[in-house]
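Take a look at the following structure, please.
Chain letters run A, B, ... following the sequence lines, proteins first and then strands; every chain starts at 1. If you're wondering where the values come from, they're calculated on a predicted model, not measured in any experiment.
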There are 2 protein chains.
Amino acid sequence: MSRKSASVRRDEILAATVEEIESTGLRTLRVADVAARLGLSPSLVIYHFVTKEALVAAAFAHAGENDLYRARRLAATQKPASQRLRDVVQWYMPTGSTRSWKIWIDGWSAGLFDDGVKSTFSTLDREWKTILSELIVAGLEAEEFRFSHGRMATEASAHEPTGTTVAELADDCATRILAYLDGLAVQLIFNPESVSPQTLSAWVDAFVARELE
Amino acid sequence: MSRKSASVRRDEILAATVEEIESTGLRTLRVADVAARLGLSPSLVIYHFVTKEALVAAAFAHAGENDLYRARRLAATQKPASQRLRDVVQWYMPTGSTRSWKIWIDGWSAGLFDDGVKSTFSTLDREWKTILSELIVAGLEAEEFRFSHGRMATEASAHEPTGTTVAELADDCATRILAYLDGLAVQLIFNPESVSPQTLSAWVDAFVARELE
DNA sequence: GGTTTTACTGAATCGCTGTTCAGTTAGGTT
DNA sequence: AACCTAACTGAACAGCGATTCAGTAAAACC
């Protein structure tokens, strides 16, 4: 039987775990199933990850970093910032990409009461925000768009005590965009009849356009 | 020991189940804990609900109907429609209300792979949409606001094959608002630093104002 | 080629928790 | 007051699935 170095095996196992979660859910995830998917013994999985809980936490981090990697590549193109922003948003979107979505909803649920998973998600989320935020700043500097007006004047300065740096505004803007995307993903799962992928895509474009005109 | 009629007990148990899910999560929910919370035997819980799975499904439906009940009361006031819309949205919001939120994220996760739960969530979601949608239509008729312009002209007619009834537009609008709220709730859980309740409230107001000017 | 390291397995364990079931008793009915 | 229905319990069962552990054999190292 072929043996592999620890790091390679670990990656294989993580990938298998992600697939398993994606296809049958965290709920019914068994170590044995992950092992079976690779034709290995359950003991080996525990050998590498010590505990199921740790395996799951690592799997989420793995999947998250994967998605981020692709997003960063999309963000590092030579295209204009506004186009790169669209590309990244499209990749994040629950439709039209290979990006897994169910796993994140399961992840949110796991993060509710597991501090390890929760902090993983916090940092992943911050990284996404950074990517978007930087693209927004780039677009502003290139004068491809600017912050829509009502935003800055009304809400921001009136209610928020936070400073008004461009970076901070961009960060808030990114937060709103990601929130909208997450919410639409949930809608897509529970009411696929009421939102087609195209509709959804149009809505997102409109949202972004309204934030950055 | 005091005995109660089946329906009363059932309600008590459902309430206890909801509390338990809210406080420790679906993940670690044990029938015994639910029973302990009421000083009852685990057997009784099964006696009334036959299976744990059924108990959980019933608990979600119960919690959902509860929230809807309150929302409907807020929607049936004598206030102007725009105000009622705000009230309902405020109640749905992850901040400033007693409405439980963690339970819904757990619920989404459960619904991913459990068709029973999934359909419960679909209908609950549709009911929320109906409430909002009707308020929107009422507000339009009273000329308290109208659909923001870019919306109707650009996205709706250009991309969507769906009809352009006022009711349909209102429904779509409700969908977007609910999606945004759901997404913000997730943000609030994983990055409470980046969004204060007030900020969030302001963002939602802005979103609604931008949909209905 | 021998030795050490380390990936890997199979079988056994063991705790946990949903469910069963035979029996008990409260409370309404007549 | 006898009775009957239905709420309720406690103890046992049963199965699942994570983890353990003693042992095997590939590689890597010398």
Side-chain angles (χ1 to χ4, degrees), chain A residues 1-60 62 106-107 109-110 113-117, chain B residues 1-62 106-107 109-110 113-114 116-117:
Chain A
M1 178 145 306
S2 76
R3 287 185 181 196
K4 306 197 175 172
S5 76
S7 70
V8 171
R9 250 301 116 83
R10 278 180 60 98
D11 279 356
E12 281 185 8
I13 295 174
L14 287 177
T17 306
V18 171
E19 285 168 24
E20 194 66 26
I21 295 176
E22 183 70 21
S23 78
T24 62
L26 192 52
R27 195 114 245 259
T28 61
L29 179 74
R30 282 174 300 177
V31 178
D33 292 339
V34 173
R37 201 173 262 264
L38 297 169
L40 301 172
S41 68
S43 333
L44 186 64
V45 176
I46 295 298
Y47 170 76
H48 281 296
F49 291 92
V50 183
T51 170
K52 179 189 175 183
E53 204 183 329
L55 169 68
V56 170
F60 280 131
H62 182 80
D106 256 342
S109 152
F113 300 97
D114 178 323
D115 288 339
V117 175
Chain B
M1 179 145 305
S2 74
R3 286 182 184 197
K4 307 197 175 174
S5 77
S7 70
V8 171
R9 249 304 114 84
R10 278 179 61 97
D11 280 356
E12 279 186 8
I13 294 175
L14 287 177
T17 305
V18 171
E19 285 167 23
E20 196 65 25
I21 295 176
E22 184 70 22
S23 77
T24 63
L26 192 52
R27 193 119 250 254
T28 62
L29 180 74
R30 284 173 300 178
V31 178
D33 292 339
V34 174
R37 201 173 260 263
L38 297 168
L40 301 172
S41 69
S43 332
L44 185 63
V45 176
I46 296 297
Y47 171 74
H48 281 295
F49 290 91
V50 183
T51 170
K52 180 189 176 183
E53 205 182 329
L55 169 67
V56 170
F60 280 130
H62 181 79
D106 257 340
S109 150
F113 300 97
D114 178 324
V117 175

Could you tell me how far apart I46(B) (CD1) and dG10(D) (P) are, to the nearest whole angstrom?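 I46(B) atom CD1 is separated from dG10(D) atom P by 16 Å.
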
* To do: Check step by step if side-chain contact (heavy atoms from CB on, under 4.5 Å) holds for L38(A) and I13(A).
  => CA-CA 8 Å; L38(A) 297 169; I13(A) 295 174; 3.9 Å; yes

Could I get a table of every N or O pair under 3.5 Å where one atom is in the protein and the other is in nucleotides 5-7 of chain C?
residue, atom, partner, partner atom, Å
dA7(C), OP2, Y47(A), OH, 2.8
dA7(C), O3', K4(A), O, 3.3
dA7(C), N7, Y47(A), OH, 3.4
dA7(C), N3, R3(A), NH1, 2.8
dA7(C), N3, R3(A), NH2, 3.0

- Take D11(A) and H62(A) through the test side-chain contact (heavy atoms from CB on, under 4.5 Å) and record every step on the way to the result. CA-CA 8 Å; D11(A) 279 356; H62(A) 182 80; 4.2 Å; yes

message: Once ring pair (Phe, Tyr, Trp, His ring centres under 6.0 Å) is applied, what residue pairs with a partner in residues 3-50 of chain B remain, sequence neighbours excluded?
response: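 As it turns out, there is no ring pair (Phe, Tyr, Trp, His ring centres under 6.0 Å) pair with a partner in residues 3-50 of chain B once direct neighbours are skipped.
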
Hits for side chain to side chain contact (heavy atoms under 4.5 Å, CB included) against S5(A), two or more places apart or cross-chain, chain-then-number order -> S7(A), V8(A)

Exercise. Closer than 4.0 Å, any side-chain N/O of S43(A) to the OP1 or OP2 of dC21(D)?
Worked result: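 For dC21(D), OP1/OP2 do not have a side-chain N/O of S43(A) under 4.0 Å.
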
Next on the checklist: Rounded to whole Å, please give me the gap between CG in D33(A) and C1' in dA18(D).
Outcome noted: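 After rounding, the reported distance stands at 13 Å.
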
Whole-Å distance, L40(B) CG to dC8(D) P, equals 7 Å

For this session: Sequence neighbours left out, what passes side chain to side chain contact (heavy atoms under 4.5 Å, CB included) with A15(B)? Give chain and number order.
Result: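 By the side chain to side chain contact (heavy atoms under 4.5 Å, CB included) rule, A15(B) matches no residue at all.
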
Close side-chain approach of R9(A) to L44(A), heavy-atom, < 4.5 Å: yes

dG17(D), dG10(D), dG18(C): which one has an atom nearest the side-chain heavy atoms of R30(B)?
->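 The nucleotide sitting nearest to the side chain is dG18(C).
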
note: K52(B), atom NZ; dA14(D), atom P; distance rounded to Å ~ 21 Å

Quick one, V50(A) with L55(A), criterion side-chain contact (heavy atoms from CB on, under 4.5 Å). Give me CA distance, side-chain angles, the key distance, then yes/no. CA-CA 8 Å; V50(A) 183; L55(A) 169 68; over 6 Å; no

May I ask you to say what L29(A) touches in the nucleic acid, namely base, sugar-phosphate or nothing, with a heavy-atom cut-off under 4.0 Å?
sugar-phosphate

Contacts satisfying salt bridge (Lys or Arg N to Asp or Glu O under 4.0 Å) that involve residues 31-49 of chain A (not counting sequence neighbours) are E19(A)-R37(A), E20(A)-R37(A), R30(A)-D33(A)

Rounded to 10°, the angle between the first-five-pair and last-five-pair axes of the helix from dG1(C)-dC30(D) to dT30(C)-dA1(D) is 10°

